[in-house]
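The block underneath contains the structure these notes are about, expressed in structure tokens.
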Number of protein chains: 2
Amino acid sequence: MDQTSSEIAAAEPAERRRLPPEERRRQIVEGAVTFFADVGLEGKTRDLAKRLGITQSLLFNYFANKAEIIEAVYAHVYLDRLSDDWPRRLTDRSVPLRDRLLTFYTEYSQLIFEYEWMRIFMFSGLAGAELNRRYLHHMGTVILHPLLEEIRAAASAPVDPQMEDIWNLHGGIVYIGIRRHIYQVPTPDDPSEAIAHAVDRFLGSFGVV
Amino acid sequence: MDQTSSEIAAAEPAERRRLPPEERRRQIVEGAVTFFADVGLEGKTRDLAKRLGITQSLLFNYFANKAEIIEAVYAHVYLDRLSDDWPRRLTDRSVPLRDRLLTFYTEYSQLIFEYEWMRIFMFSGLAGAELNRRYLHHMGTVILHPLLEEIRAAASAPVDPQMEDIWNLHGGIVYIGIRRHIYQVPTPDDPSEAIAHAVDRFLGSFGVV
DNA sequence: AACCCTATTGATCGAATGATCTATAAATCG
DNA sequence: CGATTTATAGATCATTCGATCAATAGGGTT
């Protein structure tokens, strides 16, 4: 099972030492983010150390154990991903609903269509992490449900949307990132056109101008 | 990192022996499918054996090494998933396009919205398996591209769809399975309604009756 | 009931892994 | 410049892992 062995590269040309602790810690966390995004959360500490150009034992001077390193990776990847003024902006009816949706998904896709985020989110989801359920629940209640109400308010078609429809819109967009970073197949460099079309189809079907 | 340790259960109450080789092999493969779907492809052979109620060494009497077990899992999970008369049925214009799409996605979702399939596909995708790229390429050329032509032929709206639009339809539907089996959040027991709505929105936006 | 074939077990090997501990040397301070 | 601090390296431990192999026993055949 060494399809992800890591003789890939050691970042540093080696032989530098004694960084200030905060800086070293930051360097380890950032290296760990891309390392675990590459090989999965079961990546070996020796491989991580090699990639960082430090010894394996040094890792345990900054983190009590491997689980703590992964905690730090989670924190670094997830922190402040969901800007907390999106709920407000999404419900600001002085702006056309279409514009609100487009700016949201443009910004949101820029955040999550990122190699590290997408893959670590998927790895931790498969590992059964509570984190992912919390994240999706938050997404549903704080973003998508208000969105549902906005669309209902602006709709003129006989059928009115349900949460599952909003999840469908959301999923179709997120799936671009899954294709790109999980399955690693070609996707449009700039997804904004595909996103715009998806949003327009969605709004159009509910009779939103 | 033992969030997926496996004291979960040993299937057999133990102490039975000497099955016909083909049957034992089949039993191992089936057990391995759900085992690796649960814990990932880095699951330990000792845990797999424990779940099967056999010794770890017995595994290596049927498979030369762990990689061979996983090959057998792939084969068992993927084989004949894509019925090869779907391309024909999807392009059979004696049937309304909407009906063709609905039956396709109803059948297809029944196949892939399955715990084992969904999770092993995701695990192998993250591991960088060529398998997934081949599968998605096949999906694109054999199913989705013909579908694109069908929609173009039936469309009456000024804008005509692109492959990326079809992928959007597809992704929105597949995402239901991802939520259910990867993130393990609640989804509709029967996704057919959500699928039908997604299909109708899609076709409607291109002016397909 | 004795025999034989072989499916299965149990013990074990060598490598890899997370973690610990002591020795070393880089930087800072007086 | 010498002493002190401490970030870092190197050696090592206890487990765990995939894999091997000789010993055992299930069960069909005669």
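Everything quoted here is computed from the prediction, not taken from an experiment. Quick note on labels: first sequence line is chain A, next is B, and so on, each numbered from 1.
Rounded to whole Å, the distance from CZ on B/Phe63 to P on C/dT8 is 13 Å. A straight line from CG of A/Leu59 to C1' of D/dG10 spans 14 Å, rounded to a whole angstrom. Atom-to-atom, OH of A/Tyr62 to P of C/dG18 comes out at 20 Å; the value is rounded to the nearest Å. If you measure from atom CG of A/Leu58 to atom C1' of C/dA26, you get 14 Å, rounded to the nearest angstrom. In this structure, A/Ile69 atom CD1 and C/dA19 atom P are separated by 8 Å, rounded to whole Å. Following rounding to the nearest Å, B/Lys50 (NZ) and D/dT16 (C1') show an atom-to-atom distance of 12 Å.
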Subject >> Contact state string [nucleotides 18-30 of chain D, B base, S sugar-phosphate only, - no protein heavy atom under 4.0 Å] >> reply: BBBB---SBS---
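Taking CG from A/Leu144 and NE2 from A/His138, the interatomic distance works out to 11.0 Å, rounded to the nearest 0.5 Å. Rounding to the nearest 0.5 Å places NE2 of A/His181 at 9.5 Å from CZ of A/Arg119.
Sequence neighbours left out, not one pair with a member in residues 186-196 of chain A passes salt bridge (charged side-chain N to carboxylate O under 4.0 Å, His left out).
Partners of A/Arg133 under the salt bridge (charged side-chain N to carboxylate O under 4.0 Å, His left out) rule, at least two apart in sequence or in another chain, are A/Glu130.
Using bins of under 30°, 30° to 60° and over 60° for the plane-to-plane angle, the ring pair A/Trp167/A/His170 lands in the perpendicular bin.
Remark: aromatic rings of A/Phe121 and A/Tyr135 are close, center separation under 6.0 Å.
Note on A/Pro21: only backbone sugar-phosphate atoms sit closer than 4.0 angstrom, heavy atoms only; bases stay farther off.
Taking side-chain N and O atoms only, B/Arg24 has a distance below 4.0 Å to OP1 or OP2 of C/dT8.
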